[in-house]
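Read the structure below first, then the notes.
Side-chain atoms are counted along with the backbone in the values below, which use heavy atoms only and exclude waters and symmetry mates.
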Amino acid sequence: MKNVLITAGSRGIGFAIAKELAMENFNLILISKNINNLKRARKELIKINKKIQCLIFPCDLSDLDKAKEVFKKIKKQHSVDILINNYGGLYKIKLKSILNTKNLINLINSNIVCAYTAIETFVDQMKKSKWGRVINISSATNQTFDTQINYHLVKSAQVIMIKNLSTKIEYIKNNITFNSISPGAILSDTSVWNKLKRKNNTVFKKIIKKSFPMGIGKTSDVSNLVLFLCSNKSNYINGSNIVLDGGKSNF
């Protein structure tokens, strides 16, 4: 069984990915801030597949010192074959000003430096195993310019980082691939879409009908793609940014 590390894996898209991989006999290592959410996630995942291991590590990944510490702890105890950088916290929808340096630095730390540190920590294990997968969960906002400049910058940088790493011969020759998935509007228990739906379902339906011809995405749309990229069926996919938004960014 291969070991998969998922950051922000206890809820939302991260947990959907964990469930998909649990059904396919992957051992799981989940990192999330809330220990209770992690315990609930582990309980459900073990119910799905009693054959797998599911290890949980509570950590606030927005604190880079703590993030480095938990990555090192995991590395000492376990080998990571697949790294899924799903964490991207500290996104604020409303800012007082278009330009906000503090918010930009927070987003860079959460979306770029945290993922970079995780890759730096675990890629040597993949080289020793001569096989590995690194998957970054970005956002389809990297396709347009009608969003916050800070969020657009970091989500675009995520993709650039992965594309750059995918060109390195020392990784290619050891069968390590680097890919990004950029979801659009996805309905999950942690999404703003779910909050709007619960608050005003009529408005939610109107927005979806007007702006999303294919409807809103499901977490399974993301997790199915992640499963494919984790498999040997995706051996020739490297350096890709797969936009998963029903074609919305092309409109």
- Distance in Å, Ile6 CD1 paired with Cys54 SG, rounded so as to fall on 0.5 Å steps: 8.5 Å
- Rounded to the nearest 0.5 Å, what separation is found between the CG atom of Asn49 and the CG atom of Leu21? 11.0 Å
- Query: Just by distance, do the side chain of Asn109 and the backbone of Val113 share a donor-acceptor pair under 3.5 Å?
  - Reply: no
- Message: Quick check against the 3.5 Å criterion: does Asn238 have a side-chain atom that pairs as donor or acceptor with the backbone of Ser166?
- Response: yes
Please tabulate, for the side chains in residues 35-42, all donor-acceptor contacts under 3.5 angstrom to protein atoms that are two or more places apart in sequence or on a different chain.
| unit_1 | atom_1 | unit_2 | atom_2 | d |
| --- | --- | --- | --- | --- |
| Asn37 | OD1 | Arg40 | NH2 | 2.4 |

- Query: Rest of the hydrophobic cluster containing Met214 (Ile/Leu/Val/Met/Phe/Trp/Tyr, side-chain heavy atoms under 4.5 Å)?
  - Reply: none
- Message: Would you say Asn175 and Lys130 are linked by a side-chain donor-acceptor pair, where the criterion is simply a distance under 3.5 Å?
- Response: no
- Query: Is the Lys NZ or Arg CZ of Lys75 less than 6.0 Å from the centre of Phe122's six-membered ring, within 45° of the axis?
  - Reply: no
- Item | Flag for Lys51-Asn25: side-chain donor and acceptor within less than 3.5 Å | no
- Message: Return the CG to CE distance between Asp81 and Met1, rounded to the nearest 0.5 Å.
- Response: 12.5 Å
- Task: Check whether any side-chain N or O of Asn194 sits under 3.5 Å from a backbone N or O of Leu187 as a donor-acceptor pair, and report yes or no.
- Result: no
- Message: Can you tell me how far apart OG (Ser234) and CG (Asn179) are? Round to the nearest 0.5 Å.
- Response: 7.0 Å
- Note on the structure: Rounded to the nearest 0.5 Å, the CG atom of Asn3 sits from the CG atom of Asn27 at a distance of 5.0 Å
- With a cut-off of 6.0 Å (strictly less than), are more than 12 heavy atoms of other residues, nucleotides or ligands near CZ of Phe212? yes
- Given the options Thr141, Asn241, Ile137, Asp245, Ser182 meets side-chain contact (heavy atoms from CB on, under 4.5 Å) only with Asn241
- So does Asp189 pair up with Arg11, basic N to acidic O under 4.0 Å? yes
- With a 3.5 Å cut-off and no angle check, do the side chains of Ser223 and Glu20 form a donor-acceptor pair? yes
- Which of these passes side-chain hydrogen bond (donor to acceptor under 3.5 Å, both in side chains) with Asn150: Asn106, Thr101, Asn100, Asn103? Asn103
- Indicate if Ile172 and Leu83 have the same hydrophobic cluster label, given that clusters are the connected sets of ILVMFWY residues with side-chain heavy-atom separations under 4.5 angstrom. no
- Nearest heavy-atom contact between Cys230 and Ile84 is SG-CD1, 4.4 Å
- Task: Could you grab the distance from atom SG of Cys59 to atom CD1 of Ile31, nearest 0.5 Å is fine?
- Result: 6.5 Å
- Query: Under the 3.5 angstrom rule, does the side chain of Thr7 hit a backbone N or O of Tyr87 as a donor-acceptor pair?
  - Reply: yes
- Item | N/O donor-acceptor pair under 3.5 Å between Gln158 side chain and Asn136 backbone | no
- Any side-chain donor paired with an acceptor under 3.5 Å for Asn142 and Ser138? yes
